[in-house]
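Report on the following structure.
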Amino acid sequence: MIGGPGACRGIGAGDRVHVRGWIRTRRDSKAGLSFIQLHDGSCFDSVQAVVQSDLPNYADEVQRLTTGCSVEITGTVAESQGKGQSLEIHAESVQVVGWVDDPETYPVPAKRHTFEYLREVAHLRPRTNTFSAVARVRHSLSQAVHRWFHDNGYFWIHTPIITGSDCEGAGEMFRVSALDLANLPRTEDGEVDFSEDFFGRETNLTVSGQLNVEAYCLALSKVYTFGPTFRAENSNTSRHLAEFWMIEPEIAFADLSDDADLAEAFLKGIFETLLAERPDDMAFFRDRIDKGCIDRLEHFVSASFERMDYTDAIAALEAAVASGTKFDFPVSWGIDLQSEHERWLTEEHVGRPIVVMNYPKDIKAFYMRLNDDERTVAAMDVLAPGIGEIIGGAQREERLDVLDRRIAEMDLDVSDYWWYRDLRRYGTVPHAGFGLGFERTMAYATGMANVRDLIPFPRTPNTATF
RNA sequence: UCCCCUGUAGCUCAAUUGGUAGAGCGAGCGGCUGUUAACCGCUAGGUUGCUGGUUCGAGUCCAGCCGGGGGAGCCA
């Protein structure tokens, strides 16, 4: 049975098995037997072992087993007399591998816990059925990401984790330094002298692999990155982490419409795989976390995305205001959409994911391609009910003169972007890509409400215990 | 960073207007002829986050600090 998904397939009554795992519960019958519920994480279900009192260590050890103890059990598979499982193991030996040293204070006994509490015992929460299901879904979805890209001709590019600071556009960054903080080298005008630092310059943890992956896109045509990303923003919400995983594909000879097509095909592909590969875990999320999660995904893979121009989205919002919908923030062309606006569009207005395209240039990044109207850029956001923005993407500005103009307009230093500009000087082509937050995608798939419960060891402001 | 909520047994929560801190689960012990997060009985378990204040009296009211959560902004 041990050995991964499907390992218990083909096992039937009469087979001898050897199982190893952790006790979830023990139930005694003084008729002279105990029932042990054992899980090893290989799938959602645990297995029941029936232990007779004539085992030599029954009184001394078996009856002292509590939730969390690790054991090895050898026995024979048999049809179960009880309800709740078709097969069970009749134990011939139960060997205790590790005791729980104080059952009274074992942090995760077999009972309901709040997710907030379990975050404080993040090293033990994978033993609960919720967090082992999250871990398996995370694995399957990760594998599905790589498989989908591979099957569609994309190459996985490992973009750097440590980046030169001045090539990034977005967000607060975590500094990477080997300098002695108690004895910082200074320049003549008193600034920290980073030329003395390990890399001879300021460096930070990456906030996006996009600029780097564009370079590989303009050589390999279809590429993506999938790795950790870091933002030192003091964001305290259920949708933000200081360390999260991001998927960033980039396609050459492509425009914004191709980009939206890619986002749609990709999301449908990985959700189809998830539904096919993790039915047991998804059934758990449906039954215990979010009734609609499976229906939502099934609908998602069969329906087309709603696509809407920013300008039309604003018109729809203005019409809603005119007919009585109340928003805290006023709506007019040129604003960045607020969370409440995005939520209304995806939850109320269309009731499913929506791609909003062609935003005003003044609220978007310098690298996004300027549209012919000179007022908007070829940017898109994919909004999903319940979590808001899960994808932000754009067609990139491939024209060097326009790119330079945009860099100047935004008061950026053109010399910082010398290699990025080279990509426009040497065989430039239209290209596009997007960033997809992996934990937000998981939140959408499982119905789990907080991204802190979708990554094994979440990093948030003031929290990096594990 | 701002706004709101919150902190009581290992965990989840009660505690009337400010008047003797309680229950369920978990744990220990006992009972129960195959149980399903079993069931029945008994027992143990508390500096009510911390510091100060008001009061005859504070879990309850006030102030500050610390922790947790939700929302906003930023974004993915």
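Quick caveat: nothing in here was measured; it's all calculated off a predicted structure. Within every chain, numbering begins at 1; the chains are lettered A, B, ... in the order of the sequence lines, protein sequences first and strands thereafter.
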Could you run down the sub-3.5 Å N/O contacts of the protein with nucleotides 39-42 of chain B?
none

Near-ring test [Y]/[X], centroid separation under 6.0 angstrom:
{"X": "Phe131(A)", "Y": "Phe115(A)", "result": "yes"}
{"X": "Phe226(A)", "Y": "Trp245(A)", "result": "yes"}
{"X": "Phe266(A)", "Y": "Phe149(A)", "result": "yes"}

Legend entry - Option passing side chain to side chain contact (heavy atoms under 4.5 Å, CB included) with Asp281(A) (candidates Val134(A), Leu274(A), Val137(A)): Val137(A)
Inset, instruction - Kindly say if Arg64(A) contacts the phosphate of C29(B), meaning a side-chain N or O under 4.0 Å from OP1 or OP2. - result: no
Inset, instruction - Would you indicate, yes or no, if U35(B) has its OP1 or OP2 atom less than 4.0 angstrom from a side-chain nitrogen or oxygen of Arg26(A)? - result: no
Identify the pairs formed between an N or O of the protein and an N or O of nucleotides 24-27 of chain B at a distance under 3.5 Å, and give each distance.
| unit_1 | atom_1 | unit_2 | atom_2 | d |
| --- | --- | --- | --- | --- |
| G26(B) | N2 | Glu104(A) | OE1 | 3.2 |
| G26(B) | N2 | Glu104(A) | OE2 | 2.4 |

Can you tell me the distance, in whole Å, between the [atom1] atom of [X] and the [atom2] atom of [N]?
{"X": "Gln63(A)", "N": "G28(B)", "atom1": "CD", "atom2": "P", "value": "11 Å"}
{"X": "Leu87(A)", "N": "U36(B)", "atom1": "CG", "atom2": "P", "value": "19 Å"}
{"X": "Ile363(A)", "N": "G73(B)", "atom1": "CD1", "atom2": "P", "value": "13 Å"}
{"X": "Glu340(A)", "N": "G73(B)", "atom1": "CD", "atom2": "C1'", "value": "12 Å"}

Are any of the side-chain nitrogens in [X] or [Y] under 4.0 Å away from the carboxylate oxygens of its partner?
{"X": "Glu398(A)", "Y": "Arg369(A)", "value": "yes"}
{"X": "Arg296(A)", "Y": "Asp290(A)", "value": "yes"}
{"X": "Arg406(A)", "Y": "Glu409(A)", "value": "yes"}

Inset, instruction - Classify the angle between the aromatic ring planes of Phe305(A) and Phe300(A) as parallel (below 30°), tilted (30 to 60°) or perpendicular (above 60°). - result: perpendicular
Side chain to side chain donor-acceptor pair (under 3.5 Å) contacts touching [range] (sequence neighbours left out):
{"range": "residues 344-354 of chain A", "answer": "Glu306(A)-Arg352(A)"}
{"range": "residues 388-397 of chain A", "answer": "Glu250(A)-Arg396(A), Glu397(A)-Arg399(A)"}
{"range": "residues 87-99 of chain A", "answer": "Arg16(A)-Glu92(A), Gln48(A)-Glu88(A), Thr76(A)-Glu92(A), Ser80(A)-Glu88(A), Glu88(A)-His90(A)"}

Legend entry - Nucleic acid contacts of residues 261-268 of chain A, taken as heavy-atom distances under 4.0 Å to RNA chain B: none
Inset, instruction - Confirm from the modelled atom types if Gln85(A) and U35(B) form a donor-acceptor pair under 3.5 Å, side chain to base only. - result: yes
Inset, instruction - With sequence neighbours excluded, tell me which residues meet salt bridge (Lys or Arg N to Asp or Glu O under 4.0 Å) with Asp453(A). - result: Arg119(A), Arg125(A)
Legend entry - Short side-chain donor-acceptor distance under 3.5 Å, Trp333(A) and Thr311(A): yes
Legend entry - Distance, C1' atom - from G24(B) to A9(B), rounded to whole angstrom: 12 Å
Inset, instruction - Using the C1' atoms only, state how far A38(B) lies from C32(B), rounded to an integer number of Å. - result: 11 Å
By side chain to side chain contact (heavy atoms under 4.5 Å, CB included), which residues pair with [X], not counting sequence neighbours?
{"X": "Arg459(A)", "result": "Ala242(A), Glu243(A), Phe457(A), Ala464(A)"}
{"X": "Lys364(A)", "result": "Tyr359(A), Met368(A), Val377(A), Ala379(A), Asp381(A)"}
{"X": "Ser257(A)", "result": "Asp255(A), Asp261(A), Arg307(A)"}

Quick check for you: among [options], whose closest atom lies nearest to any side-chain atom of [X]?
{"X": "Ser235(A)", "options": "C74(B), A72(B), G34(B)", "result": "C74(B)"}
{"X": "Phe35(A)", "options": "A37(B), G34(B), G10(B)", "result": "G34(B)"}
{"X": "His240(A)", "options": "A37(B), G34(B), C75(B)", "result": "C75(B)"}

Strictly under 3.5 Å: I want the nitrogen or oxygen pairs between protein and nucleotides 67-70 of chain B, one per line.
| unit_1 | atom_1 | unit_2 | atom_2 | d |
| --- | --- | --- | --- | --- |
| G69(B) | OP1 | Arg119(A) | NH1 | 3.1 |
| G69(B) | OP1 | Arg452(A) | NH1 | 3.1 |
| G70(B) | OP1 | Asn450(A) | ND2 | 2.5 |
| G70(B) | OP2 | Arg452(A) | NH1 | 3.4 |

Inset, instruction - Using Watson-Crick or G-U wobble pairs with both distances under 3.5 Å, give me RNA chain B in dot-bracket, 5' to 3', with [ ] for crossers and | for pairs to another strand. - result: (((((((..((((.....[..)))).(((((.......))))).....(((((..]....))))))))))))....
Inset, instruction - Using the closest heavy atom to pick a nucleotide of RNA chain B for each, name whichever of Gln52(A) or Thr114(A) lands nearer the 5' end. - result: Thr114(A)
